[in-house]
Structures are given as C-alpha cells and as structure tokens.
Amino acid sequence: MSEKTRREEREDVLTRERVEKPRKYKVLLLNDDYTTMEFVVFVLQKVFHHSQAAATRIMLHIHNSGVGIAGIYTREVAETRVAQVEHLAREAGHPLQCTMEPE
Ligand code: TYC
C-alpha cells in the first residue's frame with residue numbers, strides 16, 4: 001500500500017523543484033587582444049555593479065589569466081547580463097566575449 005500513483009510522483013517532482021535552491025551560474029568574461037581595458041572596466045561597473053577598484057582588479061585578472069568571473073547569479077539573471085554585455089560590446093565595436101557556466 002506504499003506504492004505511489006503517477007500523480008503523486010509528479011507532485012513530488014514539482015515540490016522538490018520549488019523547495020531546492022535554484023542553481024547558480026558563473027558569468028565569465030574572456031580576454032582578447034582588442035577590447036580596451038577601459039571598456040571592460042566600464043562593463044564590470046555598469047552591468048555587474050562593481051566599484052571602479054573591484055572592476056579594475058577583475059579586468060586585470062582576466063587580462064593576465066585569460067578568463068575571470070564577473071559575477072554569480074541565478075540562471076535568468078546570468079542570461080540577462082550575458083546579453084547586456086554582448087549588446088554593449090557589439091554596439092561599441094569590441095569583440096569582448098561573455099559566457100556562463102553552472103557554478
Ligand atoms: N587584453 C585586453 C588589452 O590588452 C584587455 C582585456 C581585458 C580584454 C579583459 C578583454 O575580458 C577582457 N587591451
């Protein structure tokens with residue numbers, strides 16, 4: 001008598017999805033040879049709300065190591081910020097690349 005109905009199993013799945021913490025995603029900026037340092041600092045301040053000092057430190061880390069974390073967010077926020085970076089970069093004529101990956 002402990003067998004669950006299909007309906008009860010479906011409800012268990014829905015409950016688990018609502019109760020568990022949403023997955024977080026790292027938004028990454030990639031280094032390149034053409035985007036100016038000033039533009040990367042501007043993006044880190046404008047899109048990711050870092051201070052000038054933090055933005056400069058993150059930009060230099062990316063410049064020296066090839067990739068760096070701009071921020072960590074839920075999936076929808078991460079997707080929006082990636083799109084904002086791509087829009088600003090294309091508009092300014094910079095090849096800056098921005099991606100996201102599960103934390
Ligand atoms: N490497 C670039 C330069 O020397 C600066 C840069 C930093 C570009 C970080 C992209 O994500 C980046 N102008």
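Start at 1 and go down the list; that is how both ligands and their atoms are numbered. Just the heavy atoms: all of them, side chains too, but no hydrogens, waters or symmetry mates, feed the values below.
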* To do: Keeping the roles fixed (side chain from Arg81, backbone from Val85), state whether a donor-acceptor pair exists under 3.5 Å.
  => no
* Verdict with supporting geometry, Phe39 and Tyr34, side chain to side chain contact (heavy atoms under 4.5 Å, CB included) -> CA-CA 10 Å; Phe39 183 77; Tyr34 304 101; over 6 Å; no
Nitrogen or oxygen contacts under 3.5 Å, ligand 1 side and protein side:
unit_1	atom_1	unit_2	atom_2	d
ligand 1	1 (N)	Asn31	OD1	2.7
ligand 1	1 (N)	Asp32	O	2.8
ligand 1	1 (N)	His63	ND1	2.9
ligand 1	4 (O)	His63	ND1	3.4
ligand 1	11 (O)	Leu30	O	2.8
ligand 1	13 (N)	Thr35	O	2.9

* Does any N or O in the side chain of Thr35 come within less than 3.5 Å of the main-chain N or O of Leu96, such that one atom is a donor and the other an acceptor? -> yes
* Is the backbone N or O of Ala70 less than 3.5 Å from a side-chain atom of His50, with the two atoms forming a donor-acceptor pair by type? -> yes
* To do: Show the numbers, then the answer: is there a side chain to side chain contact (heavy atoms under 4.5 Å, CB included) between Ile72 and Val27?
  => CA-CA 6 Å; Ile72 299 176; Val27 174; over 6 Å; no
* May I ask you to decide whether Lys26 forms a salt bridge with Glu101, counting only side-chain N to carboxylate O separations under 4.0 Å? => yes
